[in-house]
Protein chains: 2
Amino acid sequence: MSLRIALLGLLSAVGPASGYDLAKKFDRSLNHVWQAGHTQIYPELVKMAADGLVDAGSEGARGRKTYTITPEGARQLHEWMLEHTPSVVVRNEVALQAFLLPLLDRDDAIAVVERIRAGLEARLATLQCQQAGAFGSYALKLGLAQLRTSIGWTEETLADLRRAAG
Amino acid sequence: MSLRIALLGLLSAVGPASGYDLAKKFDRSLNHVWQAGHTQIYPELVKMAADGLVDAGSEGARGRKTYTITPEGARQLHEWMLEHTPSVVVRNEVALQAFLLPLLDRDDAIAVVERIRAGLEARLATLQCQQAGAFGSYALKLGLAQLRTSIGWTEETLADLRRAAG
DNA sequence: ATGTACATGTAATGGGTTACATGATTCT
DNA sequence: AGAATCATGTAACCCATTACATGTACAT
């Protein structure tokens, strides 16, 4: 369901676009929120056209198909935003390693947390470059805040590990 | 893969346990880190036994099967912790709604963010009750910090929305 | 006896990733 | 001529959820 919503949202925000365009947008502006490759996007657009949420225009150069959101698509997007309580459920490999840290001896645990921190900082650098237009700015702020919080956690945890039996 | 790791981690932390036990542990101590129901856990334990990562003991009362981690299971768990760089990828419905907020008019946007805040606060209350033993305490700290950050974001965002064209 | 907690499973479906496959256009 | 980018698709597989299905033990 959420893939549909993300696609409708992009079409609504940037206007008519091809599957190829949408895949790029996913990669560049939506990647900290949702991920989808072209292999997932193309078939989904076909289904959405069948369901009347988007219009597939006639083929352009190189077989390009430009999709446009329909009024029904816009309605369903709006309805989802207003009615759907987002699930707070998270599946997080970083948190899983955090959970399992006590299984390791001190030096291994430190190495693991250092690596986590490096990964988070790399991602923070990436996100900081990606300045959103008006669109996506709320989500970007949220993403940055969460990364900073996670990095803060790595620092506290490293201090804690180094304190214990230093 | 991560389901395997989570199961090995639990078996390593709490000792031999049945699928039923593990499903409860998932629900009670691991739910902010990873989720899995019994329908996913039971078949996975069978496969893990086939792969030599756990030993399935003989059946006890009520068909209960008690699984024990093997040395090979412990080795793979340790290896994963040390070698596997956790993916930082997130799929987050809250962030998706955040991304799409600019599609809504001011009052709808405020209602959406209020609902998000209520959901986050409910979850925070749940997590705060769930005090971890030594085990899981690092992950719990991380989870709490992230929830507080998200709640902070809802407050900033509400202030921002109310300021604009108040 | 009725309900609750214990305990295990299967099947259908949906969502997502990886690998495979093809062809057009543009740039150097 | 060769490489990069544009552009679309399919198939196999893995992971996860929901619904279905069964039976035991214990407490009231």
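Just so it is clear, the model here is predicted, and its values are computed rather than measured. Here is the naming used below: chain letters follow the sequence lines, and residue numbers restart at 1 for every chain.
Partners of B:Arg75 by salt bridge (charged side-chain N to carboxylate O under 4.0 Å, His left out), not counting sequence neighbours, listed by chain and number: B:Glu72, B:Glu79. Residues satisfying the side-chain hydrogen bond (donor to acceptor under 3.5 Å, both in side chains) criterion with B:Arg64, sequence neighbours excluded, are B:Ser18, B:Asp21. Judged as a side-chain hydrogen bond (donor to acceptor under 3.5 Å, both in side chains), and not counting sequence neighbours, the contacts of B:Thr157 are B:Trp153. Partners of B:Lys47 under the salt bridge (charged side-chain N to carboxylate O under 4.0 Å, His left out) rule, at least two apart in sequence or in another chain, are B:Glu44. Residues meeting the side-chain hydrogen bond (donor to acceptor under 3.5 Å, both in side chains) test with A:Thr154, sequence neighbours left out: none. Applying the ring pair (Phe, Tyr, Trp, His ring centres under 6.0 Å) criterion to A:Phe135, with sequence neighbours excluded, gives B:Phe99. In this structure, the ring pair (Phe, Tyr, Trp, His ring centres under 6.0 Å) partners of B:Tyr42, at least two apart in sequence or on a different chain, are B:His38. The ring pair (Phe, Tyr, Trp, His ring centres under 6.0 Å) test applied to A:His78 returns no partner, not counting sequence neighbours.
Non-hydrogen atoms lying under 4.0 Å from DNA chain C are contributed by nothing in residues 10-20 of chain A. Residues of residues 22-45 of chain A that place a heavy atom closer than 4.0 Å to DNA chain C, in numerical order, are A:Trp34, A:Thr39, A:Gln40. Of the residues in residues 74-96 of chain B, those placing a heavy atom less than 4.0 Å from an atom of DNA chain C are B:Arg91, in numerical order.
Nucleotides of DNA chain C nearest to B:Arg64 and A:Leu3 differ in position, and the one nearer the 5' end is that of B:Arg64.
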Evaluation steps, side-chain hydrogen bond (donor to acceptor under 3.5 Å, both in side chains), between B:Ser150 and A:Gln146: CA-CA 7 Å; B:Ser150 296; A:Gln146 275 174 340; 2.7 Å; yes
Evaluation steps, salt bridge (charged side-chain N to carboxylate O under 4.0 Å, His left out), between A:Glu155 and A:Arg148: CA-CA 11 Å; A:Glu155 276 154 13; A:Arg148 291 200 188 96; over 6 Å; no
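In this structure, B:Met48 places its CE atom 15 Å from C1' of D:dC15, rounding to the nearest Å. Look at CG on B:Leu7: it is 14 Å from C1' on D:dA16, rounded to the nearest Å. One interatomic measurement links the two molecules: CE of A:Met1 to C1' of C:dT13, which rounds to 16 Å at whole-angstrom precision. Following rounding to the nearest Å, B:Lys47 (NZ) and D:dA16 (P) show an atom-to-atom distance of 10 Å.
Using a cutoff of 4.0 Å between basic side-chain nitrogens and carboxylate oxygens, B:Arg115 and B:Glu93 are not scored as salt-bridged. A salt bridge does not link A:Lys24 with A:Asp27: none of the charged nitrogens is closer than 4.0 Å to a carboxylate oxygen.
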Protein-to-nucleotide contact annotation, 5' to 3' order, nucleotides 23-28 of chain C [B base; S sugar-phosphate only; - none; under 4.0 Å, heavy atom]: -BS---
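Atom CG of B:Leu22 sits about 10.0 Å away from atom CG of B:Leu30, to the nearest 0.5 Å.
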